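Below: the structure, in structure tokens.
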Amino acid sequence: MAAQIFVISGASGAGKTTLVRALQAGDPSLRFSISYTTRPPRPGEVDGRDYCFVSEEEFGQLIRDGSLVEYVHQFGHYYGTSRLWIDQALRGRQDILFDVEIHGAKALKEHCPQGIFIFILPPTPAVLEQRLRDRGHLPEAELQQRLARVRQEVQEAPWYDYLVVNDNLTEATRRLQAIVTAARSRAPILWPTLSPFWS
Ligand code: 5GP
């Protein structure tokens, strides 16, 4: 089977990380592109598994070396996709999943127009607001800022191939798995494996 590239983005607070983890847990053949970042690791994050954590100097060197296929600066930190992952994906060895924000997704589309681009969004602004309030501890002004940002991020949804509304984790994971299965069943992807039996 030819390799398939999946690019997943999501509005903040849509539960993208949890969904991506659930997808990977049920599908070990899907490899995760490990980005470089200058942000410090969060509790539980492992260098080389969640991200390659580097200094700003190291990140600058990666840019100069041409080692990154795309990068962004957001929330005060740099994030970038290693060229190695794209090369591996394009050589067709393995299905690869990229978790990047919208600018990264658009840059990856230039390299992999055949990729499958998926956007995760929360059910409605009201549900998102309730989720943020339930978590507590967010000052009202910050909460309103976040809601405004999510509304803006969601405007990019129509650019993607597929939308997954994360109303319920189990259901959303199932829909994401269905997208992956359908993508792998596309003739240009599956036929190279089947054709030797039929020639
Ligand atoms: P976090 O700091 O929460 O792990 O990630 C923040 C945002 O950066 C997420 O939207 C994630 O998709 C995005 N991101 C992570 N790695 C990359 C990357 O290599 N390139 C781009 N463009 N975005 C990334």
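We use all heavy atoms of the structure for the numbers below, so side chains are in, but hydrogens, waters and symmetry mates are not. What you are looking at is a predicted structure, and each value in this text was computed from that prediction instead of being measured. Each residue takes its place number in the sequence, starting with 1. All ligand and atom numbering here is 1-based and tracks the order in the structure.
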Q) If every non-hydrogen atom of I102 is compared with every non-hydrogen atom of S9, which pair is closest and at what distance? A) N-OG, 4.2 Å
Q: Identify, with sequence neighbours excluded, every residue that meets side chain to side chain contact (heavy atoms under 4.5 Å, CB included) alongside E45.
A: R39, P41, R42, D50, Y51, F53
Q: Tell me, with the steps shown, if W159 and F117 meet ring pair (Phe, Tyr, Trp, His ring centres under 6.0 Å).
A: CA-CA 9 Å; W159 178 85; F117 292 76; 5.4 Å; yes
Ligand 1 polar-atom proximity to protein (N/O, under 3.5 Å):
from, atom 1, to, atom 2, distance (Å)
ligand 1, 2 (O), R39, NE, 2.6
ligand 1, 2 (O), R42, NH2, 3.2
ligand 1, 2 (O), Y79, OH, 2.5
ligand 1, 3 (O), R42, NH1, 3.3
ligand 1, 3 (O), R42, NH2, 3.1
ligand 1, 4 (O), R39, NH2, 2.9
ligand 1, 4 (O), Y51, OH, 2.6
ligand 1, 5 (O), Y51, OH, 3.3
ligand 1, 8 (O), Q74, NE2, 2.7
ligand 1, 10 (O), K16, NZ, 3.4
ligand 1, 12 (O), K16, NZ, 2.7
ligand 1, 12 (O), D99, OD1, 2.7
ligand 1, 16 (N), S35, OG, 3.2
ligand 1, 19 (O), S35, OG, 2.6
ligand 1, 19 (O), G80, N, 3.3
ligand 1, 19 (O), G80, O, 3.2
ligand 1, 19 (O), T81, N, 3.3
ligand 1, 19 (O), T81, OG1, 3.3
ligand 1, 20 (N), E70, OE2, 2.7
ligand 1, 22 (N), E70, OE1, 3.0
ligand 1, 22 (N), E70, OE2, 3.4
ligand 1, 22 (N), E101, OE2, 2.7
ligand 1, 23 (N), E101, N, 3.3

Q. Is E101 salt-bridged to K16, going by a charged N under 4.0 Å from an acidic O?
A. no
Q: Name all residues meeting the ring pair (Phe, Tyr, Trp, His ring centres under 6.0 Å) criterion together with Y78; count only those two or more places apart in sequence or in a different chain, and write none if there are none.
A: F59, H73
For residues 162-170, which side-chain N or O atoms pair as donor and acceptor with protein atoms under 3.5 Å away, sequence neighbours left out?
from, atom 1, to, atom 2, distance (Å)
N166, ND2, A14, O, 2.8
D167, OD1, R175, NH2, 3.1
N168, OD1, T170, N, 3.1
N168, OD1, E171, N, 2.9

